[in-house]
There are 2 protein chains.
Amino acid sequence: MKPDSPFYAHTLKALRQSELFGRLDEAVIKEMLLSFLRETWSKKSIVMHPEQTIRRFYVVISGRAKMTRVNPDTGREFTLFLLEAGDGFDVVSLLDGKKHNVSVIAMDDIEVLTAPFDTIHEWIKQHPSFNREFLPYIGKLIRQLTNLASDLALLDTGTRLAKLLLRHTTKGTPYPRLRLINDLSHEELAGMIGSVRVVVSRYLQGLKKEGIVVARRGQLEVNKLQALAEKIERHLGFKDK
Amino acid sequence: MKPDSPFYAHTLKALRQSELFGRLDEAVIKEMLLSFLRETWSKKSIVMHPEQTIRRFYVVISGRAKMTRVNPDTGREFTLFLLEAGDGFDVVSLLDGKKHNVSVIAMDDIEVLTAPFDTIHEWIKQHPSFNREFLPYIGKLIRQLTNLASDLALLDTGTRLAKLLLRHTTKGTPYPRLRLINDLSHEELAGMIGSVRVVVSRYLQGLKKEGIVVARRGQLEVNKLQALAEKIERHLGFKDK
DNA sequence: GCACTTCTGCTACCTAAGTCACAGAGGTTA
DNA sequence: TAACCTCTGTGACTTAGGTAGCAGAAGTGC
């Protein structure tokens, strides 16, 4: 992407705020941005399917996307990651060069940057500072995945849902705010905790009746942050979040 | 570990055969080995608990260990990784420097090498060749975890068990061999697929009756590799293993 | 060789969480 | 504004997978 592009300024800004690029020297970021191509994808479109995982690396600039895997028998979809501005994919293929059986689907109209794997590999080699940001980012990914897996193995659906909500709630004044997932359908929420629409609906009813959440079609808010946290604590002792 | 140690030779050999160190120059391996300390741990002992994750990095030289997380309410244990010779832990804390809520427990009498995080970070910085081996290794970890999580979310217990067995079976002549997990108790196997002893026993009975596996106390073998694979295929279309 | 522990198999039972089906509310499109 | 689609709520039903408990087999330690 060239500096004279009409999108240059806000794209650069997004990179500056990202975990992967934010702490790099201005000159380095700009150099990298030169190698990136900008793409836009409309809501619900498939940004990357399994066959394409080995080609290019993507960075989300605006909007949300989900990385999913589907059970072809039942048609059930499981969301491995919710990707937002600053997130990159697919990290696995980038690391080991092999195909990865996941799809990435846009949840909003989104903007992404993309560059070939070779370019990223070159950056890792040439810019120790980039490597230094990249490694902790991968650490965060693994952390998320270990939590996801052990939650699935050890907790019931109600607790997993409560954790999902808690994780995305920020204590705001005067009210807490549910970030990033507040407008998702029950179907989507279910996909994120490895369950099914009906079951999520049921549990949400429970939370509504207790006054812990407030919901209307496509809009969810957490009302009693404390009560939500207690609900989870009672069911387990994990502190790792 | 100094070259005159009685364990030097076979430790060096183990490193040479490992994924992380195997392809490094002889001189580099030897230099690294100098910084490592050797420890031994007896079966069932806790090699590392959550509080210790931030201190040192470990590499397994011989024997097996499991990385687990426990639900304090139910006491149920879930095995995130089975670690064997060549595997390192804890990668997450190494990458982001934060505590990680996992324990590592020896499943045999084991030997490990250990070095402070700073040392490993230094290697990553100083030895591009090490970084080059390290990144794909992390890729493998993430791959394993995404599979673990999506299997838990999308597949039934029987299929997960079948996949566990298949994954550790090597086509040998004249018979296939079940590697690494052939002597584990049903309890341990259950921990690896996020289930419970009784349920695993049940499914194993089924497999025995079909002649797919042969088992006696603490000894499990796969007899009909093909049949096992078909059992899984029927239940899903994943090719990612 | 005996006592003790660990593992396996099996039965009976319970329940969380799934499927199916339908109706009405709320948005969106023509 | 009518027709359509998507989302949510709910009831009835099924079932996979869990708990509890016990007995005997197989190892282990003394």
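Just so it is clear, the structure is predicted and the values come from calculations on it, not from any experiment. Hydrogens, waters and symmetry mates are skipped; everything else that's a heavy atom, side chains included, is used. By convention in this document, chain letters (A, B, ...) are assigned in the order of the sequence lines, proteins followed by strands, and residues within each chain are numbered from 1.
- Rounded to whole Å, the distance from CZ on R197(A) to C1' on dC22(C) is 11 Å.
- When the side-chain nitrogen and oxygen atoms of T157(B) are compared with OP1 and OP2 of dA16(D), none of them lie within a distance under 4.0 Å.
- Summarising the geometry, atom CZ belonging to R160(A) is positioned 12.5 Å from atom CE belonging to M192(A); distances are rounded to the nearest 0.5 Å.
- In this structure, R217(A) and G158(A) both approach DNA chain C, and ranking their closest nucleotides by distance from the 5' end singles out G158(A).
- Taking atom CG of residue L184(A) and atom C1' of nucleotide dT8(D), one finds them 15 Å apart after rounding to whole Å.
- Here dT28(C) presents its P atom at 9 Å from NZ of K43(A), a figure rounded to the nearest Å.
- The number of heavy-atom neighbours closer than 6.0 Å to CG of L180(B), taken from other residues, nucleotides and ligands shown, is above 12.
- Put simply, CG on L204(A) is 14 Å from P on dA17(C), counting in whole angstrom units.
- Among the heavy atoms of the strands, none lies under 4.0 Å from R160(B).
- Salt bridge present: K66(A) and E188(A) bring a charged side-chain N and a carboxylate O closer than 4.0 Å.
- The nearest heavy atom of DNA chain C to K44(B) and to V198(B) marks one nucleotide each, and the one closer to the 5' end goes with K44(B).
- Protein atom CG of L152(A) is 15 Å distant from nucleotide atom C1' of dG17(D), rounded to whole Å.
- Between R64(B) and D183(B), at least one side-chain nitrogen of the basic residue sits less than 4.0 Å from a carboxylate oxygen of the acidic one, meeting the salt-bridge criterion.
- Per the geometry, CG belonging to L220(B) stands 14 Å off C1' belonging to dC7(C), to the nearest Å.
- Among the protein residues, Q205(A) comes within range of the sugar-phosphate backbone only, with heavy atoms under 4.0 Å from sugar or phosphate atoms but none that close to a base.
- Looking at heavy-atom distances under 4.0 Å, R202(B) makes contact with a base.
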